Amino acid sequence: MLNKKQIRFCLDEMEKMFPNADCELTHSNPFELVIAVLLSAQCTDVLVNKVTKDLFKKYKTPEDYLNVSLEELQNDIRSIGLYRNKAKNIQKLCNVLLDEYGGEVPSSKAELEKLAGVGRKTANVVASVAFGEPAIAVDTHVERVSKRLGICRWKDSVLEVEKTLMKKVPKNEWSVTHHRMIFFGRYHCKAKNPNCSECPLLEVCREGQKRMKKENAS
DNA sequence: CTCCCGATAT
DNA sequence: ATATCAGGAG
């Protein structure tokens with residue numbers, strides 16, 4: 001496991017690599033962000049943005065999503081994948097926003113997590129990006145990077161990864177760290193061909209050193 | 001744990 | 001062909 005000093009080194013190097021890391025989901029208000037993050041499950045941001053470009057022109061309010069049939073909404077988001085669940089969840093979510101929150105998106109993580117299709121990760125993203133609340137959303141990239149570097153254990157659940165990160169990263173850096181880890185995972189420490197040979201974190205990365213050793217042997 | 005699921009990279 | 005993508009619900 002990495003010690004405090006090594007983790008500090010990782011965070012600083014990630015900042016150098018991605019000084020402008022930020023949310024890459026196109027949105028202009030909290031409601032659009034909730035929809036975008038819900039759609040982003042098991043799907044790339046690039047594809048989500050492609051779909052929401054037209055979607056957000058057609059649907060501005062919760063009422064708009066409820067004034068069409070489920071089939072029509074499914075069709076409008078079909079290329080995203082998992083579209084049946086996502087369309088159903090969007091309409092459920094819109095009903096609750098109108099019934100319980102006056103059509104507005106709640107700002108607390110606890111309230112967000114009650115919404116259909118919104119789990120812990122999505123709630124963390126919305127609370128952090130839309131409302132400035134400190135949070136570390138653990139998605140596939142944050143999980144992979146944390147485990148490869150040795151910030152947490154391989155067998156840890158996403159919740160355990162989040163707890164570890166909250167403990168080891170200063171609270172005022174949670175949101176930026178979360179975004180830097182996503183960029184690092186998305187563009188450098190990729191799932192398939194991580195660029196270990198040109199990685200500034202190699203000296204502290206257990207997985208990177210293992211991969212380099214294997215590469216030299218072959 | 002399984003299922004949902006199309007687009008893209010490799 | 002197959003793995004992967006800002007996961008969540010049952």
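We name chains A, B, ... by the order of the sequence lines, and we start the count at 1 in each one. All figures in this text were calculated on a predicted structure; none of them were measured in a lab. Values below: every heavy atom of this structure, side chains too, minus hydrogens, waters and symmetry copies.
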How far, in whole Å, is [M] from [N] if one measures between their [atom1] atoms?
N	M	atom1	answer
dG8(C)	dT8(B)	C1'	23 Å
dA6(C)	dT10(B)	P	13 Å
dA3(C)	dT2(B)	P	15 Å
dC5(B)	dC5(C)	C1'	12 Å

Salt bridge present between E111(A) and K114(A) (N-O < 4.0 angstrom) |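 So E111(A) pairs with K114(A) through a salt bridge.
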Looking at R211(A) and E207(A), does any basic side-chain N land under 4.0 Å from a carboxylate oxygen?
->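 Counted as a salt bridge, because a side-chain N and a carboxylate O are separated by less than 4.0 Å.
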Taking any heavy-atom pair under 4.0 Å as a contact, classify [X]: base, sugar-phosphate, or nothing.
X	answer
L38(A)	nothing
G119(A)	sugar-phosphate
K50(A)	sugar-phosphate

Closest nucleotide of DNA chain C for D22(A) versus for L115(A): which of these residues is on the 5' side?
->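 On the 5' side of the pair lies D22(A).
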Hey, which sits more toward the 5' end of DNA chain C by its nearest nucleotide, H178(A) or V118(A)?
->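 Its nucleotide being nearer the 5' end, the pick is H178(A).
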Yes or no on side chain to side chain contact (heavy atoms under 4.5 Å, CB included) for K121(A) and V37(A), after CA distance, side-chain angles and deciding distance?
-> CA-CA 9 Å; K121(A) 177 246 158 184; V37(A) 182; 3.9 Å; yes
Is there a donor-acceptor pair under 3.5 Å between the side chain of K163(A) and the backbone N or O of V158(A)?
->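 Not confirmed, K163(A) side chain does not pair with V158(A) backbone.
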